[in-house]
2 protein chains.
Amino acid sequence: MAKTLKVPEATIKRLSIYMRVLKDLEKNGIEVISSAELAEICGVNAAQIRKDLTYFGEFGIRGVGYYVKELHFDIRKVLGLNQKRNLGLIGVGNLGKALASYRNFSDHGYNFVAAFDADKAKVGTTLPCGIDIYHIDKLKQLVPELNIEIAIITTPASAAQDAADAAIKAGIKGILNFAPVQISVPDGIRVKKVDLTTEFDNLAYHLFTS
Amino acid sequence: MAKTLKVPEATIKRLSIYMRVLKDLEKNGIEVISSAELAEICGVNAAQIRKDLTYFGEFGIRGVGYYVKELHFDIRKVLGLNQKRNLGLIGVGNLGKALASYRNFSDHGYNFVAAFDADKAKVGTTLPCGIDIYHIDKLKQLVPELNIEIAIITTPASAAQDAADAAIKAGIKGILNFAPVQISVPDGIRVKKVDLTTEFDNLAYHLFTS
DNA sequence: TGGTGTGAACAACTTCACAGCG
DNA sequence: CGCTGTGAAGTTGTTCACACCA
């Protein structure tokens with residue numbers, strides 16, 4: 001019985017992790033798992049897992065645990081990941097190329113369908129992974145045409161805001177921003193920033209301080 | 001007057017962001033900034049910034065704000081980022097190569113000094129960015145020799161745990177793990193996992209669910 | 001019996017509101 | 001006067017502990 005209390009942001013993040021682990025367990029033929037065992041693998045508290053799940057319903061069997069395959073399917077559905085998503089890459093540098101060819105994304109239903117760059121020398125060429133590179137001006141046309149839902153920005157910091165503006169004007173609703181700069185967007189558009197340097201800073205702090 | 005109350009994890013993460021913004025402001029010749037202005041740029045609450053800073057001392061001037069250059073320096077010091085760090089890359093695939101050549105890291109004092117891989121065909125060659133590739137067996141020797149402090153794991157999931165084990169045996173204390181798998185480590189070793197697929201999942205959830 | 005589902009206690013983090021200082 | 005620094009209030013997220021059920 002799905003309740004519609006507001007779901008903590010932290011819960012959403014963990015569900016995505018549970019899903020990955022369940023997928024793995026399923027592949028290895030594990031059929032049933034308890035919250036305690038799953039917690040151990042995911043590195044979280046067992047009550048946490050049970051509580052996370054109650055936001056969306058009851059999925060377990062008392063005295064037994066959870067059916068791996070079933071729970072995997074249910075979480076998938078809850079997260080809206082039971083369908084493929086088309087991605088557009090904006091900014092074809094080293095990082096962009098690496099992301100576009102990262103197998104793990106397509107394994108999870110995320111497919112790059114086009115790449116965009118301002119550099120005329122790159123436009124018209126094709127990435128090793130088979131994705132064509134278009135000029136940024138083509139966003140407006142290709143976003144609807146190829147049904148691109150999410151833009152991945154891997155431009156230099158100085159070009160990131162323009163890239164975001166162009167993507168939004170073309171109809172993009174979600175952006176994953178790898179450029180080391182905060183970009184501002186109108187209401188209704190969702191941006192996630194992935195700041196790798198921040199991760200280093202954090203690690204360094206914990207390693208070398210006090 | 002630095003107090004030694006425990007510092008929230010969330011505060012550490014934000015300090016790293018403030019620092020990046022302050023660095024930028026300094027470059028643009030801004031000399032003074034109020035918590036309200038800085039908050040606006042960072043997308044957080046002004047009181048949050050002031051509170052974050054109180055964990056480490058008093059850095060502002062009432063009625064005025066903060067001296068950009070000074071605050072930048074102080075946060076840098078607090079985070080232990082006032083010195084360079086040597087990184088070792090383990091797993092020379094597309095992602096690894098992209099990270100090693102990412103200018104933004106070296107701009108912030110993080111330098112890749114060696115790369116390691118199990119593939120004999122890669123060993124002995126040099127990356128475009130000038131970093132030599134060694135066999136994983138060389139970790140034990142080169143980690144102390146090159147003073148490598150942090151390992152960046154970009155191997156396939158199946159090789160990540162072995163890579164971590166080897167790095168730890170060689171004396172590494174901090175690991176940034178890009179492989180899509182949870183790795184387990186002994187006490188005293190710090191691991192940060194960067195899970196890019198999770199970021200997509202999160203974005204997709206917010207975009208396409210209720 | 002053993003493990004889920006969950007209210008209630010607890011802990012962590014954020015925001016408010018204002019005293020106090022430059 | 002304006003903006004910092006900070007106790008106190010408010011909010012959000014986590015863990016406990018146990019009733020309940022397969």
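Naming: A, B, ... by sequence-line order, numbering from 1 per chain.
At C/dT4, one or more side-chain N or O atoms of A/Ser35 fall inside 4.0 Å of OP1 or OP2 (strictly under the cut-off). Considering only side-chain N and O atoms, A/Tyr66 lies under 4.0 angstrom from the phosphate OP1 or OP2 of C/dG5.
Remark: A/Glu31 CD is loosely packed, at most 12 non-hydrogen atoms of other residues, nucleotides or ligands lying under 6.0 Å away. Counting non-hydrogen atoms of neighbouring residues, nucleotides and ligands closer than 6.0 angstrom, the NZ atom of B/Lys138 reaches no more than 12 such neighbours. With a 6.0 Å radius and a threshold of 12 heavy atoms from other residues, nucleotides or ligands, B/Tyr67 has its OH atom at or below the threshold. Residue A/Glu40 places its CD atom among 12 or fewer non-hydrogen atoms of other residues, nucleotides or ligands, all under 6.0 Å distant. For NZ of A/Lys69, the number of neighbouring non-hydrogen atoms (other residues, nucleotides, ligands) closer than 6.0 Å is 12 at most.
Taking atom CZ on B/Phe59 and atom C1' on D/dC3, their separation rounds to 17 Å, with Å as the unit. When the P atom of D/dT4 is taken as reference, atom OH of B/Tyr67 falls 12 Å away, rounded to whole Å. Straight-line distance from the CD1 atom of A/Ile49 to the P atom of D/dC16: 14 Å, rounded to whole Å. If you measure from atom CZ of B/Arg62 to atom P of C/dA19, you get 13 Å, rounded to the nearest angstrom. Per the geometry, OH belonging to A/Tyr18 stands 13 Å off P belonging to C/dT4, to the nearest Å. Between the CG atom of A/Leu53 and the C1' atom of D/dT14 there is a distance of 15 Å, given to the nearest Å. One can place CG of A/Leu15 at 13 Å from P of D/dG13, the figure rounded to the nearest angstrom. Rounded to an integer number of Å, the gap from CG of B/Asp74 to P of D/dG5 is 11 Å.
Partners of A/Lys51 according to the side chain to side chain donor-acceptor pair (under 3.5 Å) rule, which considers only residues two or more places apart in sequence or in another chain, do not exist here.
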Scoring nucleotides 10-18 of chain C by protein non-hydrogen atoms under 4.0 Å (B base, S sugar-phosphate only, - none) yields ---SSBBB-
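Ring centers of B/Phe59 and B/Tyr66: at least 6.0 Å apart, outside the cut-off.
Checked against C/dG5, C/dG22, D/dT4, the side chain of B/Ile61 finds its nearest nucleotide in C/dG22.
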